[in-house]
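When reading the values below, keep in mind they use all heavy atoms of this one structure, side chains included, and skip hydrogens, waters and symmetry mates.
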Amino acid sequence: SSGINAEWPLRPGKTECERVFSISKFQGCIAAGHNTAQWVDSCVYDECEGLMQKEELPPKCVVAQAYATQCGNLFWQKGDTTPRINNDITNWEMEAGCPDEAKRFQPILDTGCPQPTLEEELAGTF
């Protein structure tokens with residue numbers, strides 16, 4: 001054995017993923033019961049595997065975006081009589097170091113791929 005910790009290559013990615021999921025904007029999500037452990041694991045896996053390389057977003061931001069979306073929805077936990085709502089998570093991207101919504105769509109615009117119509121965009125049906 002060389003004595004090198006087998007987790008060593010994961011450390012930078014894990015540290016960054018833990019930072020992203022512990023930002024103040026996500027504290028309300030965590031307090032409301034949205035556990036971040038599996039999200040951090042997904043983030044580390046994607047960052048270290050370099051998955052989604054065809055995406056313009058860093059993998060940590062793809063995972064954080066999914067978490068923010070889930071966190072922003074009403075949800076119930078066992079025994080709840082009314083849905084829980086999360087704290088305001090607007091502009092979480094700035095604190096997490098991820099592109100905001102406008103920047104996330106820019107690579108798509110740059111590809112020349114079909115874009116949603118204004119009506120679809122406003123209705124959120126795209």
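- Here the side chains of Thr36 and Ile30 are in contact, with some heavy-atom distance below 4.5 Å.
- Inspection of the Thr69 and Gln65 side chains reveals an N or O donor paired with an N or O acceptor under 3.5 Å.
- For the pair Val20 and Glu95, the minimum side-chain heavy-atom distance is 4.5 Å or more.
- When side chains are defined from C-beta on, Cys61 counts as touching Pro99, because their heavy atoms get closer than 4.5 Å.
- In this structure the side chain of Phe26 never reaches within 4.5 angstrom of the side chain of Cys71, judged on heavy atoms.
- By the 4.5 Å heavy-atom criterion applied to side chains, Glu16 and Glu47 are not counted as neighbours.
- Partners of Thr82 according to the side-chain hydrogen bond (donor to acceptor under 3.5 Å, both in side chains) rule, which considers only residues two or more places apart in sequence or in another chain, do not exist here.
- To the nearest 0.5 Å, the span separating CD on Gln38 from OH on Tyr67 amounts to 9.5 Å.
- Side-chain contact check for Asp46 versus Val62: every heavy-atom pair is 4.5 Å or farther apart.
- Without hydrogens or angle criteria, Lys25 side chain to Thr90 main chain gives a donor-acceptor distance under 3.5 Å.
- The backbone N or O of Val40 lies less than 3.5 Å from no partner atom in the side chain of Glu18, so there is not a single donor-acceptor pair.
- Residues Ile89 and Cys29 meet the side-chain proximity criterion, which asks for heavy atoms closer than 4.5 Å.
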Begin from the C-alpha positions of Lys60 and Phe21 and carry the test side chain to side chain contact (heavy atoms under 4.5 Å, CB included) through to its verdict. CA-CA 9 Å; Lys60 68 180 181 190; Phe21 283 94; over 6 Å; no

Is there a side chain to side chain contact (heavy atoms under 4.5 Å, CB included) between Cys98 and Trp92 once you walk through the steps? CA-CA 8 Å; Cys98 292; Trp92 65 267; 4.1 Å; yes

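- Panel note: side chain Arg19, backbone Lys14; no donor-acceptor pair is recorded below 3.5 Å.
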